[in-house]
Structure formats: C-alpha cells, structure tokens
Amino acid sequence: MGATILGSFAVAGSAMAAAHGVSACLITKTDTNPFFVKMREGAEAKAAELGITLNSYAGKIDGDNETQVAAIETCIANGAKGILLTASDTSGIVPSVRQARDAGILVIALDTPLSPLEAADMTFATDNFLAGELIGKWAAAKLGDAAADAKIGMLDLAISQPTVGVLRDQGFLQGFGIELGDPNMWGDEEDPRIVGNDVTAGNEEGGRTAMENLLAQDPMINVVYTINEPAAAGAYEALKSIGRENDVLIVSVDGGCPGVQNVADGVIGATSQQYPLLMASKGIEAIAAFAADGTKPAATDGKNFFDTGVALVTDQPADGVESISVAEGMDLCWG
C-alpha cells in the first residue's frame, strides 16, 4: 500500500490572508534525527507558503522533557496560535500542553500520541500499531512454519515506554501472531518465543548495545524487531561481530533514505515507511485554518487520530502482506 493521499484543509483565500501575522511553534524530540529534520522542512515550507511565522525548538536528546516544557512556555508567552509537538515524555508534557490549550492555542501532536491521547486537540501520525503489525506479519510469513519456534529480540525505544514505542512493539507482536498482555505497555507478554526486551534510545549505538545484551541472553535469536532504522543498523553491527548477520531477520519502522538503502543492502528485511513531511505540512495547514475561523482538525474516519499513511517497504514480498518495492520506497523516503 502506498502513502495515503490526503486532501488539504481549507486554507485558501480568507484563511491564507488570516494566516499573515500568525505564529506557530514546532517542538521536536531532537533537531538531529533525519525524521525530525524532514518534519521541520515540511513545516517551514508550508508556513512560508501560508505566511505563518514558524519558531522551531527541540530537545537536546530523545527523552528531554524539560527543554520541551520550556519551549511550550515560550510559545505561550509569544502568543503562538498553534503548536506542533513530538513529545519525548508523552504523559510528563501533558500539564504544559493543558496550559497552552487553556491559553487558546491549538496543540497538535505529531508522530507520537500524548498519554492520554485527548490531551492534544488532535494527533497527526502514522498508524504506528499498523506499522508494527505490517512488519510482524511480514516476518511471520517469511519464516513460515519456523515462526512457531522463532527466537525474538525486541529492541524498544525507552524505559518510559512512550506511546509510539508501545504501539509499534505491540503491533509487531500481534502481526507475528503473539498474544498480547496489556496492549498499553510492552514487556509483559508470556510467549516463550520472546527472548527479551531492551532499549536503544532510537540510535545506532543504543541498538548495538541492546542487541549485544539480548544475544548474551540467547545467542540464537533469529528475529529482531527494532523501534527504528538507526537502532536496526546498530543491531546488525552487533550480529555481524559474531558472524550472524546473514541468518537473522531484522525488521523496523521509519522509511528514511538510509533505512530504505539498508533494506536494499539486506541489512533490514522490511521496514514500515512513514511520512514526516506530510505530518508537519498538514499540521501547519490546520493551524492556518484554526487561525482563520477556529476550525479544529478532524480525525480520519474510523480512527481517533489524523492518519498520514504507512507502507511496507521490501524487495522480498510475502503472500498476504501488501508492500511496495525498495525503488518505490526510495522515491518517497526522507533524510
């Protein structure tokens, strides 16, 4: 399946005129991850098109809630009309989000739903559970009968279990055919195929260390779920160091150009591609519409968030799992 093609908000004419003099904020987890770099590009381009002044902020590292709280306070003080937020601490940021909304600011969560979801006016995101489910179904289909005896390493994001990490993890397990425990957390499943969970901070070094830790528990792991493609690259390096890079199935989520190239190179078997530029540009359009007449964005039909699309990228298609080729993924990738 390709990226969902979405219609624009009504921001022509009077809305565009109203947007002049309007300011908005983009607050990302970091300013170095290519995903957030592309998100900023999308927000900046759409803001320039609509005449909105955009101020961008980012945490020092993934998990830096304090800097994000300070950024929201600055946005409130500066009279921003809307805030686009990828939260590092999805529950810890909620009191600050509440203050912003009480001040009349539209707050849209990008990529990472807040906890609770309703803390933001709307969430613009990949269906992260579906993204995980696609790679889980693909991995199970590739293994066939051997899936019943798989040894799975789960490389998650952070101990705090932000929503995006939980959704991808749980989606993968369900797609693979593993019974979930509490779907709002990871690590409580009882299926013996799961060797264990470790955290990566979403970067290559973290992926390598987490993979080494899990291999110490069971050196015969043969399926590795990773929260994102940098973590997958680190996991591959750990496997390569013990000569097992060719007999372990690694799956991931993101769809950045380096990650899609890693699918082409055989480092990653399949990845679920998301579309950060679209999340941000649609978010800016929503702020323009809100500034014009108070209209708030609506959720995608049948969902409780605004779905910006997902596609499984692989050159090893599996029966019953819809996917696009690496060449198609390269045309849509970022970073």
Side-chain angles (χ1 to χ4, degrees), residues 2-58 68 71-72 74-87 97 100-101 103-112 120-126 254-257 273-300 305-311 329-335:
T4 305
I5 305 301
L6 300 165
S8 294
F9 292 99
V11 293
S14 61
M16 284 189 67
H20 288 277
V22 169
S23 70
C25 293
L26 173 68
I27 305 171
T28 54
K29 295 178 186 179
T30 71
D31 59 6
T32 54
N33 185 313
F35 185 85
F36 301 125
V37 171
K38 183 56 66 173
M39 189 176 276
R40 189 169 67 243
E41 289 176 9
E44 288 173 347
K46 185 59 68 172
E49 177 188 329
L50 298 180
I52 290 175
T53 300
L54 179 68
N55 296 299
S56 297
Y57 307 86
Q68 292 194 319
I72 291 177
T74 299
C75 297
I76 295 171
N78 290 344
K81 197 66 180 176
I83 295 173
L84 306 178
L85 170 69
T86 62
V97 168
R101 293 181 68 187
I105 298 171
L106 180 74
V107 179
I108 296 174
L110 299 184
D111 176 57
T112 304
D121 288 290
M122 185 52 63
T123 301
F124 285 24
T126 308
D254 256 359
C257 297
Q273 186 171 61
Q274 48 183 348
Y275 304 100
L277 189 148
L278 191 61
M279 291 177 200
S281 61
K282 292 295 178 186
I284 293 293
E285 287 185 359
I287 291 171
F290 179 70
D293 59 15
T295 299
K296 291 188 176 183
T300 300
F305 64 98
F306 187 96
D307 187 352
T308 52
V310 64
M330 278 295 189
D331 287 340
L332 296 167
C333 71
W334 39 268

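Just so you know, residue 1 is the first one in the sequence shown, and it goes up from there.
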Determine all donor-acceptor pairs shorter than 3.5 Å in which one atom belongs to a side chain in residues 31-44; sequence neighbours excluded.
{"residue": "N33", "atom": "OD1", "partner": "F35", "partner atom": "N", "Å": "2.8"}
{"residue": "K38", "atom": "NZ", "partner": "E41", "partner atom": "OE1", "Å": "2.8"}

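Here CG of L50 is found 8.0 Å from CD1 of I284. Values are rounded to the nearest 0.5 Å. In this structure, the separation between CG on L278 and OG1 on T308 is 6.0 Å, given to the nearest 0.5 Å. Note that CZ of R101 and CG of D121 are 4.0 Å apart. Values are rounded to the nearest 0.5 Å. From L110, atom CG reaches atom CG of L85 across 7.5 Å, with rounding to the nearest 0.5 Å. The CG atom of D307 sits 4.5 Å away from atom CZ of F305, with the distance rounded to the nearest 0.5 Å. Rounded to the nearest 0.5 Å, atoms CG (L26) and OH (Y57) are 10.5 Å apart.
A search for ring-ring contact (aromatic ring centres under 6.0 Å, His included) contacts involving F290 returns nothing, not counting sequence neighbours.
Judged by distance alone, with hydrogens and angles left aside, the side-chain atoms of Q68 form a donor-acceptor pair with the main-chain N or O of T86 at under 3.5 Å. Judged by distance alone, with hydrogens and angles left aside, the side-chain atoms of N78 form no donor-acceptor pair with the main-chain N or O of A80 at under 3.5 Å.
Looking at K81 and I52, their side chains never come closer than 4.5 Å, going by heavy atoms from C-beta outward. In this structure the side chain of T126 never reaches within 4.5 angstrom of the side chain of Q273, judged on heavy atoms. Between P297 and L106, the closest side-chain pair of non-hydrogen atoms falls below 4.5 Å.
A side-chain donor from one of D254 and Q274 sits under 3.5 Å from a side-chain acceptor of the other.
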